[in-house]
Amino acid sequence: MLKMAGNKSYTIVEYFGGDSGYRCGYCKNDEGNFSHGMWSHTMTVQDYQDLIDRGWRRSGKYVYKPKLNKTCCPQYTIRCHAPKFQPSKSHKKVLKKMSKFISNGELPKEQDGGEPMDSVCDEARPREPSSVCPSEVKRAAITDIQKELPECPAITEVQKEVADGAPADSETSRKDPESVADERTTAAAPKPGMGADPGRPPCRKARDLRKERRLQKEQIRQHADGDSSIVSPTPPTPALTKQPKPLEDFISESMPDNSSHCLEVRLVPVNFEDPQFTASYQQSVALYARYQMAIHGDDPGDCSESEFRRFLCDSPLEAEHSPDGPEVGYGSFHQQYWLDGRIVAVGVIDILPACVSSVYLYYHPDFASLSLGSYSALREIAFTRQLQKQSPKLSYYYLGFYIHSCPKMRYKGQYRPSDLLCPETFAWVPIEQCVLQLENTRYARFNQDPDAGDARVLKDVGRALVLYRRAVMPYAAYSRKRKGSSDELEVQQYADLVGQDCAEKILLYRA
């Protein structure tokens with residue numbers, strides 16, 4: 001990773017644009033999928049956190065952002081608030097199914113292929129970088145940016161307020177004025193003929209009403225018998241309300257002692273110098289190939305070791321540790337599911353400052369009936385909750401993209417409470433509100449405030465940083481030095497997509 005004085009690390013990317021369409025992995029449209037893309041030579045975890053909060057997502061070292069208003073199957077970034085998550089009936093059924101298998105070794109008779117995982121292999125094929133080699137990037141001699149900055153136009157007061165008001169963590173501590181996540185707690189007055197009557201008390205379960213009537217009769221009977229310690233009947237206090245069982249209890253119940261099978265989950269960093277990763281590497285490669293051929297129908301050449309390495313091992317994220325971060329640190333990891341001494345599933349995840357981001361899952365086809373897609377997601381939510389206890393701001397689980405126009409991909413909306421990212425203001429909006437809009441149109445602006453905008457909108461492309469001839473400089477300084485045709489339109493498009501904050505800290509490579 002490129003570093004300057006003060007040990008500051010930099011993200012380095014090459015932007016590829018995205019004018020032509022390509023095959024969609026969801027509706028199979030040959031030229032209906034459109035996205036912007038860039039190759040990331042190296043990336044800090046905070047920069048990637050900021051990018052996925054603007055709709056970007058990575059496939060190996062290729063980072064792409066779908067054109068939601070143009071692509072055939074709009075893909076909206078989705079996140080689940082892990083600390084507040086409660087498993088649904090279908091989730092409990094998945095955990096119970098796993099419990100039965102671990103206990104007595106019985107696989108479910110019904111053939112359940114589980115949820116279709118993100119077919120990122122069918123997404124935009126990563127374009128290899130054509131103009132820069134890693135060795136050149138690592139040898140870059142960095143000039144003093146501050147010497148170049150005074151030559152650029154000053155930042156406006158509005159931009160300065162936005163920049164000063166943006167904390168290092170762009171996810172959990174952000175208090176953007178356009179944020180509408182709090183709308184989940186505000187209830188609109190029901191229209192006539194619709195919803196509950198606000199003038200009447202809320203409905204209660206018949207079982208609770210019967211219990212209360214029995215208690216009242218018992219108290220009246222005791223009072224009639226002269227028991228002065230009994231006071232007038234009172235409704236049960238909220239403290240007596242049964243609390244829902246947490247996710248962790250359901251998971252522990254799904255792994256009973258003295259069982260027929262032993263299931264172990266191991267977190268392994270994606271690092272060829274890590275002994276656990278290298279020891280299990282060939283087994284992971286074989287499992288990936290078996291999964292791709294059986295589940296996705298790939299040819300053997302499409303799921304080779306080189307493809308596996310490019311797709312699921314070559315990550316631009318540099319491992320980082322922070323005093324206030326999780327003990328395992330940040331970066332890319334493989335969460336391996338070991339059954340009786342062999343790997344049967346692997347969840348590829350990124351641990352970032354504000355979230356655990358799910359990248360991909362592959363598993364042994366023989367265990368498809370265990371709904372490993374759902375089971376691994378539940379385990380990853382529980383893992384996020386565990387990390388959140390160590391690092392409070394790390395409280396979200398990102399499931400990648402929610403695709404409402406593809407019914408098979410709507411299952412991600414079942415992990416609630418969850419939000420979708422507004423494609424225009426980049427505010428998080430409760431999924432319940434978004435689905436109502438998506439039922440009528442494929443593309444939607446979720447933020448209902450007409451005056452809300454992008455808080456990190458590009459205001460000055462001249463302040464975007466570029467890496468040119470092994471030196472870092474603002475784009476304004478680079479454009480004066482550069483000879484030949486202007487590339488301002490391309491740089492402007494890139495900076496618009498990543499936003500002013502990211503443009504000022506990510507290095508855009510210029511040949």
Side-chain angles (χ1 to χ4, degrees), residues 17-37 51-57 64-81 115-120 122-124 176-191 193-195 396 398-457 493 496-499:
D19 296 325
S20 58
Y22 49 88
R23 187 175 186 272
C24 175
Y26 302 104
C27 71
K28 311 306 179 185
N29 186 321
D30 286 337
E31 296 182 347
N33 205 345
F34 291 84
S35 70
H36 302 278
L51 286 175
I52 63 175
D53 286 339
R54 292 185 67 84
W56 293 83
R57 179 166 165 78
Y64 63 100
K65 176 181 169 66
K67 294 183 179 180
L68 299 188
N69 59 352
K70 187 176 182 181
T71 193
C72 53
C73 297
Q75 304 157 58
Y76 299 93
T77 303
I78 182 172
R79 71 178 187 182
C80 169
H81 193 216
E115 294 82 358
M117 303 311 294
D118 281 338
S119 186
V120 186
D122 293 332
E123 295 291 339
D176 294 332
E178 86 280 9
S179 177
V180 293
D182 291 340
E183 292 182 11
R184 186 184 290 111
T185 59
T186 61
K191 297 179 180 179
M194 296 179 62
Y396 291 97
Y398 283 47
L399 295 95
F401 290 134
Y402 174 80
I403 308 169
H404 193 79
S405 59
C406 180
K408 290 183 179 180
M409 298 303 293
R410 293 182 184 180
Y411 73 92
K412 293 184 180 183
Q414 298 172 2
Y415 300 89
R416 300 191 179 187
S418 58
D419 307 308
L420 297 187
L421 187 67
C422 176
E424 297 181 13
T425 66
F426 304 108
W428 292 99
V429 182
I431 192 171
E432 294 85 351
Q433 299 178 27
C434 304
V435 167
L436 295 176
Q437 294 177 261
L438 294 176
E439 287 292 338
N440 300 316
T441 177
R442 291 192 173 195
Y443 174 79
R445 170 192 164 112
F446 300 136
N447 193 334
Q448 296 301 296
D449 182 357
D451 298 324
D454 175 11
R456 287 159 179 76
V457 66
Q493 185 182 61
D496 276 333
L497 293 167
V498 301

Decide yes or no for Phe34 and Asn69: does some side-chain heavy atom of the first lie under 4.5 Å from some side-chain heavy atom of the second? no
With a 4.5 Å heavy-atom cut-off, do Asn33 and Thr71 have their side chains touching? yes
Before we go on, tell me: are the rings of His81 and Tyr396 under 6.0 Å apart, centre to centre? yes
Spatial distance of atom [atom1] ([X]) from atom [atom2] ([Y]) [nearest 0.5 Å]:
X      : Y      : atom1 : atom2 : answer
Glu424 : Tyr443 : CD    : OH    : 3.5 Å
Cys80  : Gln414 : SG    : CD    : 12.0 Å
Asp419 : Glu432 : CG    : CD    : 8.5 Å
Asn447 : Gln433 : CG    : CD    : 9.5 Å

List the residues meeting side-chain contact (heavy atoms from CB on, under 4.5 Å) with [X], not counting sequence neighbours, and say none if there are none.
X      : result
Leu421 : Thr77, Phe426, Trp428
Cys73  : Cys24, Tyr26, Cys27, Ile403, Ser405
Val435 : Tyr402, His404, Ile431, Glu439

After noting the C-alpha distance and the side-chain angles of Tyr415 and Ile78, does the key distance pass the side-chain contact (heavy atoms from CB on, under 4.5 Å) rule? CA-CA 10 Å; Tyr415 300 89; Ile78 182 172; over 6 Å; no
Take His36 and Val498 through the test side-chain contact (heavy atoms from CB on, under 4.5 Å) and record every step on the way to the result. CA-CA 11 Å; His36 302 278; Val498 301; over 6 Å; no
Under 30°, 30 to 60°, or over 60°: which ring-plane class applies to Tyr76 and Phe446, parallel, tilted or perpendicular? tilted
Could you check whether Tyr22 and Ser35, counting side-chain N and O atoms only, form a donor-acceptor pair closer than 3.5 Å? yes
If the condition is salt bridge (Lys or Arg N to Asp or Glu O under 4.0 Å), which residues does Glu31 pass it with, not counting sequence neighbours? none
Tell me every residue that passes salt bridge (Lys or Arg N to Asp or Glu O under 4.0 Å) with Arg442, counting only those two or more places apart in sequence or in another chain. none
Between Arg54 and Asp454, is a side-chain contact (heavy atoms from CB on, under 4.5 Å) present by the stated rule, with each step listed? CA-CA 10 Å; Arg54 292 185 67 84; Asp454 175 11; 2.8 Å; yes
Taking all non-hydrogen atoms of both residues into account, name the closest pair between Arg445 and Thr425 and its distance. NH2-CG2, 3.5 Å
